[in-house]
Amino acid sequence: MSFPLLTATAVLPAVGAIATAAVPAARRSAAKWLALLVSLATLGLAVAVLVRFDPDGDRYQLTESHSWIKDFGVRYELGVDGIGVALVALTALLIPFIILAGWHDADPLETKSSRWRPTQGFFALILGVEAMVIISFEATDVFLFYIFFEAMLLPMYFLIGGFGDRAHAGTDENASAQRSYAAVKFLLYNLVGGLIMLAAVIGLYVVAGNFSLQEITEARANGTLTMATSTERWLFLGFFFAFAVKAPLWPLHTWLPNAMGESTAPVAVLITAVVDKVGTFAMLRFCLGLFPEASKWATPVILVLALISIIYGALLAVGQRDIKRLVAYASISHFGFIILGIFAMTSQGQSGATLYMVNHGISTAALMLVAGFLISRRGSRLIADYGGVQKVAPVLAGTFLIGGLATLSLPGLAPFVSEFLVLVGAFARYPVVGIIATVGIVLAALYTLVLYQRTMTGPVKAEVSAMPDLRVRELVVVAPLIALLIGLGVYPKPLTDLVNPAVKHTMSDVQKKDPKPEVEAAK
């Protein structure tokens, strides 16, 4: 029997979470190192998955299937396509950097709030989220996916509410109240989406008789399973609503700025660079795979919502005074581009959307983590409290600039390739949609460059005059992310070769072909 590699990638961080939580209270340093080592070992397993995966092979590879709840047709089924492999690798890559960046974020404070900062719990929760996200990217049983799609809400709730940002204006009581509000809002929004999805999951079982993604898609393709049009549309809406909340898509986005603003910078990265990707991934795997006709039916409305997310998120980012909330609204705009690429129903758009998920994760991690280092030095999230940082901390300012330029998709950095493909895919089928979406590019340049100008340039403010530059641990966090942004920006072929075959399968599911260019033949 072959080694269950996919199971191992999820079980290892889960076991590591339990072990980290069990470390004695006085051994905080041991808990940190244990969590880091577990995350690095998980990254090693993810690399093994990447190496063993053949992009030109079967659609789902490294599959595992075991009977679980036999009476209800629930199976423990795992398998990855090129899109799943890319996102498993992204998750495993980012977690060690998140742990390193948050090395001191849960150290006890000499305040009443210190009781909410058990170091072991902080790092155990991060590993727990990693395990649940990875198995969500691997699950090919709809019920199995649903369980972990919902279960990851609990550790995230405690990470937001129990380990909030220390750089908070106001009293400890006020800060605690705002953290609690953000955590509860996050939980309620996602629980409502999950409950609606649960009804749709039950409905799918009634119609299909099982929860296996592969069996259902094959049965639909060969005509042995048919759904009434109204039934398929209702089921699609139940799934899509939950994924749109997680993504997040306007108008279901309002939990994200609160959650990211009140979280520590590493937890904010965990939210938007890791957890939220489950929503957009699930749109590709489950919405388009299970409900192809309903996906095409809903496309016009979804494209409008994606455009609103792009423009609305960028406009609100321009007007922000809080650094972390600015990045949150920028992420809402970027998720609009991802969803636009998915529902453009072109191979360029869907390849671009998948690349965008990966590249947005890297660029947002780079920008937010450097912003977190900046905020921890000054003790404030307000843009107005900074100025002239590049003169006293040039390395910090330089890495902040590269992260910002990646966020605005500067050519030569990884997100440019993603955004370009999404826009090409949108223009090919919906030219007007593509034209409107380009406004988001202009606004991204505005909010990014204005943020850099106000924080890093100009006269040195007295409060930042003694600010230290990046330390060794912080450089270890940032340097690999910057290298990846440049490397994938210059040479994205390994990533495109990985995801393009999976995108072809998705296009086949919805029975769509790329529109032919309207070019007059040369005489």
Would you say the side chains of [X] and [Y] form a donor-acceptor pair under 3.5 Å?
X    : Y    : answer
E130 : S39  : no
T254 : Y189 : yes
Y76  : T7   : yes

Using 0.5 Å steps for rounding, measure from the [atom1] atom of [X] to the [atom2] atom of [Y].
X    : Y    : atom1 : atom2 : answer
L367 : L405 : CG    : CG    : 10.0 Å
I338 : T354 : CD1   : OG1   : 9.0 Å
M260 : M368 : CE    : CE    : 3.5 Å
L144 : W68  : CG    : CH2   : 5.5 Å
L78  : T140 : CG    : OG1   : 6.5 Å

Fit a plane to each ring of [X] and [Y], take the angle between them on a 0 to 90° scale, and name the class: parallel (under 30°), tilted (30 to 60°) or perpendicular (over 60°).
X    : Y    : result
F243 : F239 : perpendicular
F186 : W255 : perpendicular
F281 : F286 : perpendicular

Worksheet entry | Test item: T346 side-chain N/O and G425 main-chain N/O as donor-acceptor pair under 3.5 Å | yes
Practice prompt. Report, as yes or no, whether the 6.0 Å neighbourhood of atom NZ on K296 holds more than 12 heavy atoms from other residues, nucleotides or ligands.
Written response: yes
Worksheet entry | Ring center gap for H253 and Y312 short of 6.0 angstrom | yes
Item to complete: Decide yes or no on salt bridge (Lys or Arg N to Asp or Glu O under 4.0 Å) for R220 and E232, but give the supporting numbers first.
Response: CA-CA 12 Å; R220 298 216 63 182; E232 180 175 346; 3.1 Å; yes
Fill in: With V370, the side chain to side chain contact (heavy atoms under 4.5 Å, CB included) member among L401, L481, V478
V478
Worksheet item: Would you call R75-E215 a salt bridge at under 4.0 Å N-O?
Response: no
Worksheet entry | Contact check, side chains of V142 and L290, non-hydrogen atoms, under 4.5 Å | yes
Worksheet item: Just wondering, do L87 and V358 contact through their side chains at under 4.5 Å, heavy atoms?
Response: yes
Worksheet item: Can you list every ring-ring contact (aromatic ring centres under 6.0 Å, His included) pair that touches residues 190-221, not counting sequence neighbours?
Response: F143-F211, Y205-F211
